[in-house]
J.: 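I'd like to ask you about the structure that follows.
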Amino acid sequence: MNLTDILEEIKIGSLQNDEKSKKLSAYVQEVKDVLEKPNTLKENFSLSFNFAERASDISTSQSQLFYQGSYAIHTAIKHYKYDVDADIAFYINDFSDTTLRDKILNSLENSLGVKYSIEKKKPCITIDFRDGYKVDIAIYSKSILDNLMMFHNSIDGFETKTN
């Protein structure tokens, strides 16, 4: 990478006020709006996101959203040659459903799948907005048995929850 390439990079973050940051934040809000719809995960249940600045700030409330990776520290990079993504995660208190990722994927596909590409990957769900911007969603819940925070993924090839 030469100096000209470096100068063309633009820092993007949830608290930034430039055009590209606002665009990515709008995509993040669009995803949150879908996830907060009633009955997304189960009947008579609605997510209500409270924002946590860091994963360590998560309280015992029903559900909280937090940012991860470079987006969390407001240094996501948008370069003219490659994509930028926002890594968002959410925590759901006392939720033991092993089909949680599939339910979230179905909800996103039903609401956003016509406009965007949505894919369940091994560690997360990715929404590709087809313009160089993506949102990756990680899902966490509390283990009812041992009170540990669990990460919902399929890294080993099948759906699991790991701490």
J.: Only one of Ile88, Ile137, Ile127 passes side chain to side chain contact (heavy atoms under 4.5 Å, CB included) with Val28; say which it is.
T.: Ile88
J.: Any heavy-atom pair between the side chains of Val34 and Ile104 that's under 4.5 Å?
T.: no
J.: Between the main-chain N or O of Ser21 and the side-chain N or O of Ser25, is there a donor-acceptor pair closer than 3.5 Å?
T.: yes
J.: To check you understand the geometry: which heavy-atom pair defines the closest contact between Arg101 and Ile125, and what is its length?
T.: O-CD1, 3.6 Å
J.: Leu108 versus Val31: any side-chain heavy-atom pair under 4.5 Å?
T.: yes
J.: So, taking the atom named CG in Asp85 and the one named OH in Tyr133, what distance separates them when rounded to the nearest 0.5 Å?
T.: 12.0 Å
J.: Rounded to the nearest 0.5 Å, how far apart are CG of Asp87 and NZ of Lys134?
T.: 11.5 Å
J.: Take the angle between the ring planes of Tyr27 and Tyr116 and call it parallel below 30°, perpendicular above 60°, tilted in between.
T.: perpendicular
J.: Could you tell me whether Glu19 atom CD has more than 12 heavy atoms of other residues or ligands within 6.0 Å of it?
T.: no
J.: Below 4.5 Å, heavy atoms only, C-beta onward: do Leu112 and Ile118 meet side chain to side chain?
T.: yes
J.: Heavy atoms only: give me the nearest Leu105-Glu119 pair and the separation to one decimal.
T.: CD1-C, 4.3 Å
J.: Starting from the C-alpha separation in whole Å, work towards a yes-or-no answer on salt bridge (charged side-chain N to carboxylate O under 4.0 Å, His left out) for Asp136 and Lys121.
T.: CA-CA 9 Å; Asp136 290 332; Lys121 295 183 175 179; 5.3 Å; no
J.: Strictly by modelled atom types, are Ser107 and Lys37 linked by a side-chain donor-acceptor pair under 3.5 Å?
T.: no
J.: If I compare all heavy atoms of Lys115 with all of Arg130, which pair ends up nearest, and what's the gap?
T.: O-NH1, 3.1 Å
